[in-house]
Amino acid sequence: MSELLSPDQLEAALRAMGARLYHDQHPFHKLLHSGRLDRGQVQAWALNRFEYQRCIPLKDAAILARMEDPALRRIWRQRIIDHDGSHDGEGGIARWLHLTDALGLDREMVTSGRALLPGTRFAVHAYIEFVRDRSLLEAIASSLTELFAPTIISHRMAGMLAHYDFISKEALAYFDYRLTEAPRDSAFALDYVKQHADTVEKQQQVLAALHFKCGVLWSQLDALHFAYVEPGVRWPDAFDPATQGGAV
Ligand SMILES: O=C(O)c1cc(C(=O)O)c2c(n1)C(=O)C(=O)c1cc(C(=O)O)[nH]c1-2
């Protein structure tokens, strides 16, 4: 890409990248959504994904800390409220823990992170570092995977409810909220990016940021796939569905 795109062409390029690289294309998600995983594999997914959930507000706080404009901060801070809630027991993190509870996972094992795959940790933390190190425009652009989240979330909810008798609608409440939060967040981020990526270089950076973020999501599923679906060698301290434990 060497010519300046119009804002709508930039949006089209971002959407085309998502169609190719978003984590809905990953084999682990295809298995998860079509009922082809067992309870232990679904537990491993929920336990590992907790690390992503836990770190999203840290990532958004890092972005907020770089925003000079109070009006922008006022909008962005809602993301932290969505995940942390305003009171104990509210918000996305608490709702994710309802899911891990419903799957019978030990809370301490989930919240301590001691049974995580190293690949999960590295991918999630790379996201936090990315938004700290890069420009604000790139940091905001890296959230644009959320453009594609409502489709995968609807698909996931329907598939998991249809195929797993150990999953209830209540257990998936986290995703109900995301269906309204994600479109609001991604509409704002997309508008911002379309307005501010006004040079070829900035447009390239925005596309690279989305590329990077697709990789963050994809790597988390790679880690799960190669530990729990095609088990070659699994990190010895990782969650073990057979014993329901991890490192002590
Ligand atoms: O279930 C999903 O497939 C999915 C995907 C994404 C995403 O595309 O990054 C997010 C979420 N969920 C999510 O729940 C969430 O809170 C979230 C925050 C962000 C972000 O980058 O700021 N992405 C996502």
Side-chain angles (χ1 to χ4, degrees), residues 14-15 17-33 42 45-46 48-64 66-67 75-85 90-100 120 123-132 134 136-161 167 171-190 192-193 206 209-222 224:
L14 290 163
R15 289 188 184 278
M17 186 182 288
R20 228 164 36 81
L21 297 179
Y22 192 51
H23 64 175
D24 59 337
Q25 300 300 323
H26 197 285
F28 190 90
H29 266 158
K30 293 190 194 279
L31 296 173
L32 175 70
H33 302 159
V42 176
W45 166 74
N48 276 275
R49 192 173 145 154
F50 181 74
E51 183 65 0
Y52 188 61
Q53 303 305 137
R54 187 183 75 78
C55 290
I56 289 287
L58 304 182
K59 178 278 288 188
D60 285 319
I63 295 183
L64 206 51
R66 310 187 50 203
M67 287 176 160
I75 291 166
W76 207 266
R77 75 185 181 206
Q78 184 60 43
R79 294 173 178 245
I80 299 180
I81 296 169
D82 289 343
H83 286 275
D84 288 348
E90 295 177 357
I93 294 178
R95 281 191 284 274
W96 197 269
L97 289 172
H98 289 312
L99 172 61
T100 58
T120 304
V124 171
H125 289 237
Y127 188 22
I128 300 178
E129 280 156 29
F130 183 91
V131 306
R132 270 192 202 136
R134 302 301 182 98
L136 184 58
L137 177 64
E138 289 167 285
I140 290 177
S142 67
S143 73
L144 282 176
T145 47
E146 280 194 282
L147 279 173
F148 318 112
T151 306
I152 190 178
I153 288 175
S154 306
H155 190 182
R156 181 182 300 133
M157 289 174 82
M160 290 184 79
L161 283 172
I167 288 284
L172 295 182
Y174 172 81
F175 292 116
D176 276 329
Y177 284 77
R178 292 309 300 167
L179 285 174
T180 44
E181 292 163 356
R184 178 206 62 204
D185 290 350
S186 60
F188 176 81
L190 182 61
Y192 183 93
V193 161
V206 158
L210 181 63
H211 196 275
F212 162 82
K213 172 65 174 308
C214 287
V216 165
L217 297 177
W218 193 276
S219 304
Q220 291 175 67
L221 297 174
D222 278 355
L224 284 165

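Only this structure's heavy atoms are used, side chains among them; waters, hydrogens and symmetry mates stay out. Ligands are counted one by one from 1 in listed order, and the atoms in each one are counted from 1 as well.
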Atoms of ligand 1 less than 4.0 Å from [X] heavy atoms?
X: Arg79; value: 22 (O)
X: Ile152; value: 3 (O)
X: Phe175; value: 1 (O)
X: Lys213; value: 9 (O), 20 (C), 21 (O), 23 (N)
X: His83; value: 16 (O)

Can you check whether [X] has an N/O within less than 3.5 Å of an N/O in ligand 1?
X: Gln53; value: no
X: Arg178; value: yes
X: Asp60; value: no
X: Arg156; value: yes

[atom] - nearest protein heavy atom and its distance:
atom: atom 3 (O) of ligand 1; value: His23 NE2, 2.8 Å
atom: atom 20 (C) of ligand 1; value: Tyr127 OH, 3.4 Å
atom: atom 12 (N) of ligand 1; value: Arg49 NH2, 3.0 Å
atom: atom 9 (O) of ligand 1; value: Thr145 OG1, 2.8 Å
atom: atom 22 (O) of ligand 1; value: Lys59 NZ, 2.6 Å
atom: atom 18 (C) of ligand 1; value: Ile56 CD1, 3.6 Å
atom: atom 14 (O) of ligand 1; value: Tyr174 OH, 2.5 Å

Does any non-hydrogen side-chain atom of [Y] lie less than 4.5 Å from one of [X]?
X: Ser143; Y: Trp76; answer: yes
X: Arg132; Y: Arg66; answer: no
X: Phe50; Y: Leu97; answer: yes
X: Ile56; Y: Asp60; answer: yes

**Item:** Test log, rule side-chain contact (heavy atoms from CB on, under 4.5 Å), inputs Leu179 and Met157
**Value:** CA-CA 11 Å; Leu179 285 174; Met157 289 174 82; 4.1 Å; yes
**Prompt:** Is Ile153 touching ligand 1 with its side chain, its backbone, both, or neither, if touching means heavy atoms under 4.0 Å apart?
**Reply:** side chain
**Prompt:** Is Leu217 touching ligand 1 with its side chain, its backbone, both, or neither, if touching means heavy atoms under 4.0 Å apart?
**Reply:** side chain
Any idea how [X] and [Y] line up, ring-wise: parallel (<30°), tilted (30 to 60°), or perpendicular (>60°)?
X: His23; Y: His29; result: perpendicular
X: His33; Y: His155; result: tilted
X: Trp96; Y: Phe175; result: perpendicular

**Message:** Please state which option from Tyr52, Tyr22, Phe148 has its nearest heavy atom closest to atom 5 (C) of ligand 1.
**Reply:** Tyr22
**Message:** Nearest 0.5 angstrom please: Tyr127 OH to Leu217 CG, how far?
**Reply:** 8.0 Å
**Request:** Starting at CD1 of Ile93, measure out to CG of Asp84 and round the result to the nearest 0.5 Å.
**Result:** 5.0 Å
**Asked** Which atoms form the tightest heavy-atom contact between Ser142 and Phe130, and what is the distance?
**Response** CB-CE2, 3.8 Å
**Prompt:** Do we see a donor-acceptor contact under 3.5 Å between the side chains of His26 and Asp222?
**Reply:** yes
